[in-house]
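Every heavy atom of this structure was used, including side-chain atoms; hydrogens, water molecules and symmetry mates were not.
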Amino acid sequence: MPELPEVEVCARYLLPLLRGKAIRAIEVRREKVLKPTPPARFKKNLLGAKFLNLERRGKYFLFELRRKNSREKFYLLGHLGMTGKMFLAPKQAPLPKHAAVILDLGANRFIYEDARCFGRLTLDVSAVERLGPEPWDKKFTPEIFHQQLKKSRQPAKVRLLDQSLIAGVGNIYASEALFRAGISPRLVAGKITRPGTTRLLAAIRGVMTEAIDCGSTIPLNFSGGRKSGGLFYFGRAAEALDYYGERLCVYGRAGQPCVKCGATIRRIVQAARSTFFCPCCQNA
DNA sequence: CACCATGTTCCTTG
DNA sequence: CCAAGGAACATGGT
């Protein structure tokens with residue numbers, strides 16, 4: 001479930017477990033996820049390196065490492081794509097079916113698993129350079145947001161998915177933020193009013209913050225994992241949906257009554273992706 | 001079998 | 001050159 005909040009929650013979980021740990025061995029089962037870094041270079045660079053820090057930028061992880069006998073830091077970029085998971089597990093635990101990369105850290109293994117392999121674990125960090133500001137960036141004011149939106153004739157929902165406009169908004173939270181702001185997903189981005197833009201930015205920040213807070217309260221563990229054996233927070237387990245699904249006002253709720261006005265939530269397709277909204281609350 | 005899925009990149013079109 | 005649209009990527013769940 002990787003949009004900005006899920007990546008943030010995962011980063012907070014991973015950091016204390018990774019910090020100070022050295023990579024003793026590396027197994028790459030799906031070379032595709034390293035792209036464009038060649039597997040040989042990936043291994044050569046990472047083997048023996050130690051994790052110093054982990055930051056999140058948009059939906060990306062930036063792992064900071066340093067090689068043995070070197071003062072020079074370097075970065076590893078991670079992205080979960082649609083189905084990626086990154087977690088630590090005891091060395092004796094069975095590996096998940098779709099383990100793509102396994103890093104031996106001693107007692108534990110860092111496991112990146114990804115059924116669809118849309119994610120990445122790579123030395124090519126260039127993707128973050130193309131990202132727009134973080135939602136909470138003080139310099140990203142409603143005025144600047146409005147200026148950017150004005151240039152576009154795309155529907156508001158589609159515009160929000162552009163990571164170069166604002167980093168981290170994905171298909172779920174785009175619908176949720178527009179609902180909270182009372183803006184129709186079909187409204188042309190350039191026609192969003194100045195007050196609407198202020199509401200939208202506040203709504204994006206609000207839904208993201210609440211999702212992070214919610215995710216942080218979920219007990220992360222491996223033992224409860226069933227088939228995947230991973231963190232149930234990232235899986236399809238009923239518990240995850242209890243925590244996660246019930247917080248969403250419109251996403252995945254087509255045909256159900258709006259929590260605010262009772263009108264029927266609709267599903268439409270925009271840019272080949274589902275959008276959910278309340279036709280009554282989001283008329284602007 | 002049909003359809004759906006949390007994302008990004010690349011190619012084409014206008 | 002730029003904005004926008006759509007396909008591709010690979011697999012699993014319902």
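- Taking every side-chain heavy atom of A:R30 into account, C:dT11 is the closest of B:dT6, C:dT11, B:dT9.
- Across all strands shown, A:A115 has heavy atoms under 4.0 Å from sugar-phosphate atoms exclusively, and none from any base.
- A:Y60 places no side-chain N or O within donor-acceptor distance of the main-chain N or O of A:V7, the cut-off being under 3.5 Å.
- Taking atom CG of A:L160 as the reference point, atom C1' of B:dT6 lies 16 Å away to the nearest angstrom.
- Side-chain proximity of A:S274 to the nucleotides B:dT9, C:dT11, B:dC4 is greatest for B:dC4.
- At least one donor-acceptor pair closer than 3.5 Å links the side chain of A:E6 to the backbone N or O of A:E3.
- Taking atom CZ on A:R273 and atom P on C:dA4, their separation rounds to 18 Å, with Å as the unit.
- Set against C:dA4, B:dT6, C:dC9, the side chain of A:K32 has C:dC9 as its closest nucleotide.
- When the side-chain nitrogen and oxygen atoms of A:Q163 are compared with OP1 and OP2 of B:dG7, none of them lie within a distance under 4.0 Å.
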*Dot-bracket notation for DNA chain B is requested: 5' to 3', Watson-Crick or G-U wobble pairs only, both distances under 3.5 Å, with ( ), [ ], | and . as defined.*
.||||.||||||||

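- A donor and an acceptor atom never sit less than 3.5 Å apart when one is taken from the side chain of A:R153 and the other from the base of C:dA3.
- If you measure from atom CD of A:E113 to atom C1' of C:dA10, you get 15 Å, rounded to the nearest angstrom.
- When atom types are taken as modelled, the side chain of A:E8 and the backbone of A:R56 share no donor-acceptor pair closer than 3.5 angstrom.
- Contact annotation: A:S152 reaches the phosphate of C:dA4 (side-chain N/O to OP1 or OP2, under 4.0 Å).
- Side-chain atoms of A:H146 come within 3.5 Å of backbone atoms of A:I192 as a donor-acceptor pair (strictly under, hydrogens ignored).
- Contact record, A:E134 with A:G58: OE2-N, 2.7 Å, taken as the closest heavy-atom pair.
- Look at A:K151 and you won't find any side-chain N or O under 4.0 angstrom from OP1 or OP2 of C:dC2.
- The shortest distance between the side-chain N/O atoms of A:H79 and the OP1/OP2 oxygens of B:dT8 is below 4.0 Å.
- The distance between atom CE of A:M82 and atom P of B:dT8, rounded to the nearest whole Å, is 10 Å.
- Pairing each heavy atom of A:P16 with each of A:R12, the nearest pair is CD-O, 3.2 Å.
- For A:Q154, counting side-chain heavy atoms from C-beta on, the closest listed nucleotide (C:dC9, C:dA4, B:dA5) is C:dA4.
- If you take atom P in C:dA7 and the same atom in B:dC3, they sit 15 Å apart, rounded to whole Å.
- For A:Y60, the side-chain atoms get nearest to B:dT8 when compared with the rest of C:dG12, B:dT8, C:dA10.
- Contact between the side-chain N/O atoms of A:K59 and the OP1/OP2 oxygens of B:dG7 is found at a separation under 4.0 Å.
- Here the nucleotide nearest the side chain of A:F118, chosen from C:dA10, C:dG12, B:dT6, is C:dA10.
- If you measure from atom CZ of A:R56 to atom P of B:dG7, you get 14 Å, rounded to the nearest angstrom.
- The distance between atom CG of A:L149 and atom P of C:dA4, rounded to the nearest whole Å, is 11 Å.
- Of all heavy-atom pairs spanning A:F51 and A:L18, the tightest one is CB-O, 3.3 Å.
- In this structure, A:H98 reaches the C:dG12 phosphate: one of its side-chain N or O atoms is under 4.0 Å from OP1 or OP2.
- In this structure, the CZ atom of A:R253 is 18 Å from the C1' atom of B:dA5, given to the nearest Å.
- Note on A:Y173: every side-chain N or O is 4.0 Å or more away from OP1 and OP2 of B:dT6.
- Counting only heavy atoms from C-beta on, A:R130 has its side chain closest to B:dT9 among C:dA10, B:dC4, B:dT9.
- With A:F74 as the aromatic partner, A:R67 meets the cation-pi criteria of under 6.0 angstrom to the ring centre and within 45 degrees of the ring axis.
- Atom NZ in A:K35 sits roughly 10 Å away from atom C1' in B:dC10 (whole-Å rounding).
- Between A:R109 and A:E27, no side-chain nitrogen of the basic residue sits less than 4.0 Å from a carboxylate oxygen of the acidic one, so the salt-bridge criterion is not met.
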